[in-house]
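First comes the structure, then the notes that go with it.
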Amino acid sequence: ILGIFSLTVESGYFSIALKIALLSNIFLQILNSTISPKIALFFKEKKIEKLNSLLQDSTLLLTIIGLIITIILAIFGNDLLLLWGNNFKNAYLALLMLSIGQLINIITGPVGTTMAMIGEEKTQRQLSLIYASLNILLALLLTPMFGINGAAFSYMVSISILNIHRLIYLKKSHNIR
């Protein structure tokens with residue numbers, strides 16, 4: 001969508017900002033692959049307290065890592081972007097928004113993986129489709145006016161609300177967390 005409504009160069013700025021912001025997601029992916037079997041086992045054995053403890057400990061670790069990365073990007077993000085050239089400083093605000101979206105993604109913990117591991121794949125897929133649609137809608141509305149920052153805001157809002165919705169769903173439906 002950014003490529004349709006903005007200059008090609010802005011797409012490049014966004015691409016770099018998103019890749020940098022997704023650095024924190026590496027830790028979520030590592031954690032997900034490590035704890036997935038335990039999530040499934042504890043849920044199957046109806047050990048919800050153990051499951052909640054695992055998720056809370058994991059989320060605390062992720063939150064600390066995510067906060068550190070986000071703070072570093074807030075302080076040094078502009079300098080980091082300059083590694084790609086002086087014009088990439090134009091992506092700093094987008095980098096901050098994308099980083100905040102990823103921080104919220106991490107703070108909510110492994111909610112997507114948890115849904116998949118406990119048999120809620122259909123609900124997980126439906127929520128993902130709803131919030132992907134929200135992202136597209138917001139991007140269509142905001143990108144023509146705000147360019148890279150409109151696209152970044154759309155991503156931040158949709159990924160944040162998706163993960164908060166997953167968290168609430170798990171709590172209300174399964175008393176997880």
Side-chain angles (χ1 to χ4, degrees), residues 14-81 83 91-132 134-135 151-177:
F14 183 86
S15 177
I16 295 298
L18 182 60
K19 287 175 182 161
I20 294 170
L22 287 173
L23 286 173
S24 60
N25 198 38
I26 292 169
F27 296 98
L28 178 60
Q29 296 304 317
I30 292 169
L31 183 91
N32 283 343
S33 64
T34 305
I35 68 169
S36 295
K38 289 182 181 178
I39 292 171
L41 178 67
F42 290 157
F43 187 78
K44 181 181 177 187
E45 294 178 351
K46 301 189 185 327
K47 295 180 179 176
I48 301 302
E49 287 181 33
K50 277 189 169 186
L51 176 56
N52 282 335
S53 179
L54 172 69
L55 293 173
Q56 288 168 359
D57 292 346
S58 301
T59 301
L60 177 60
L61 176 64
L62 287 171
T63 299
I64 292 167
I65 292 169
L67 283 170
I68 290 169
I69 291 172
T70 303
I71 291 168
I72 289 170
L73 290 177
I75 296 170
F76 300 109
N78 211 19
D79 296 325
L80 185 59
L81 287 166
L83 294 174
Y92 180 67
L93 181 57
L95 174 61
L96 289 179
M97 287 187 274
L98 294 166
S99 298
I100 291 168
Q102 281 306 306
L103 178 61
I104 294 169
N105 182 21
I106 283 179
I107 287 174
T108 58
V111 289
T113 298
T114 301
M115 289 183 75
M117 293 293 103
I118 67 168
E120 290 286 357
E121 299 93 341
K122 184 177 178 184
T123 304
Q124 161 74 344
R125 183 177 56 251
Q126 290 169 337
L127 289 175
S128 293
L129 287 172
I130 289 167
Y131 290 103
L134 174 64
N135 186 30
F153 183 80
S154 302
Y155 176 86
M156 177 186 70
V157 168
S158 60
I159 194 79
S160 299
I161 296 173
L162 167 63
N163 284 295
I164 291 167
H165 193 154
R166 288 172 174 164
L167 186 66
I168 292 168
Y169 178 84
L170 287 169
K171 177 66 176 163
K172 285 187 174 185
S173 299
H174 300 285
N175 200 29
I176 294 176
R177 258 232 247 187

>> Is it true that, when you exclude Phe153 itself, more than 12 heavy atoms of the residues, nucleotides or ligands shown sit nearer than 6.0 Å to its CZ?
In response: no
> Would you find a donor on one side and an acceptor on the other, under 3.5 Å apart, between the side chain of Ser53 and the backbone of Glu49?
Replying inline: no
> Does the side chain of Thr114 reach to within under 4.5 Å of the side chain of Ile35, using non-hydrogen atoms?
Replying inline: no
> Does Ser24 reach the side chain of Thr70, with side-chain heavy atoms less than 4.5 Å apart?
Replying inline: no
> Would Gln126 and Thr123 count as a side chain to side chain donor-acceptor pair (under 3.5 Å) if you check the C-alpha gap in whole Å, the side-chain angles of each, and the deciding distance to 0.1 Å?
Replying inline: CA-CA 5 Å; Gln126 290 169 337; Thr123 304; 4.5 Å; no
> How far does OG of Ser128 sit from CD of Glu121, to the nearest 0.5 angstrom?
Replying inline: 12.0 Å
> Can you name the closest pair of heavy atoms from Leu81 and Ala91 and give their distance?
Replying inline: CD1-C, 3.7 Å
> Quick one: are Arg125 and Leu129 in side-chain contact, heavy atoms under 4.5 Å?
Replying inline: yes
> Hey, mind stepping through Glu120 and His174 against side-chain contact (heavy atoms from CB on, under 4.5 Å) and telling me if it holds?
Replying inline: CA-CA 10 Å; Glu120 290 286 357; His174 300 285; 2.7 Å; yes
>> Quick one, Met117 and Phe43 - any side-chain contact, counting heavy atoms below 4.5 Å?
In response: no
> Just one of Lys172, Lys171, Arg166 clears the side chain to side chain contact (heavy atoms under 4.5 Å, CB included) bar with Ile168, so which one?
Replying inline: Lys172
> Just by distance, do the side chain of Ser173 and the backbone of Leu170 share a donor-acceptor pair under 3.5 Å?
Replying inline: no
>> Given 3.5 Å as the limit, does a donor-acceptor pair link the side chain of Asn163 with the main chain of Ile159, or not?
In response: yes
> Are side-chain heavy atoms of Phe27 and Ile106 found at a separation under 4.5 Å?
Replying inline: no
>> Please give me the minimum heavy-atom distance between Thr59 and Gly109, naming the atom from each residue.
In response: OG1-CA, 3.5 Å
> Which heavy atom of Ser99 sits nearest a heavy atom of Leu73, and at what distance?
Replying inline: OG-CD1, 3.3 Å
>> The criterion is ring-ring contact (aromatic ring centres under 6.0 Å, His included); which residues satisfy it with Tyr92, sequence neighbours excluded?
In response: none
> Atom CD1 in Ile118, atom CD1 in Ile48: separation rounded to 0.5 Å?
Replying inline: 7.5 Å
> How long is the gap from CG on Leu96 to CE on Met156, to the nearest 0.5 Å?
Replying inline: 10.0 Å
> Is there a side-chain contact between Leu60 and Ile64, using heavy atoms and a 4.5 Å cut-off?
Replying inline: yes
> Under the 3.5 angstrom rule, does the side chain of Asn52 hit a backbone N or O of Asn175 as a donor-acceptor pair?
Replying inline: yes
> Just how far is it from atom CG of Leu61 to atom CD1 of Ile65, taken to the nearest 0.5 Å?
Replying inline: 4.0 Å
> Taking atom CD1 of Ile72 and atom CG of Leu80, what is their separation to the nearest 0.5 Å?
Replying inline: 10.5 Å
>> If you compare all heavy atoms of Ala17 against all heavy atoms of Leu95, which two are closest, and at what distance to 0.1 Å?
In response: O-CD1, 3.4 Å
> Shortest non-hydrogen contact from Gly101 to Ser160?
Replying inline: CA-OG, 3.9 Å
> Should Thr108 and Val111 count as side-chain neighbours, where that means a heavy-atom distance under 4.5 Å?
Replying inline: yes
>> Once rounded to the nearest 0.5 Å, what's the spacing between atom CG of Leu31 and atom CG of Asp57?
In response: 10.5 Å
>> Checking Gln102 against Tyr155: is there a side-chain donor and acceptor pair closer than 3.5 Å?
In response: yes
>> Test side-chain contact (heavy atoms from CB on, under 4.5 Å) on Leu67 and Thr63; report intermediate values, then the result.
In response: CA-CA 6 Å; Leu67 283 170; Thr63 299; 3.9 Å; yes
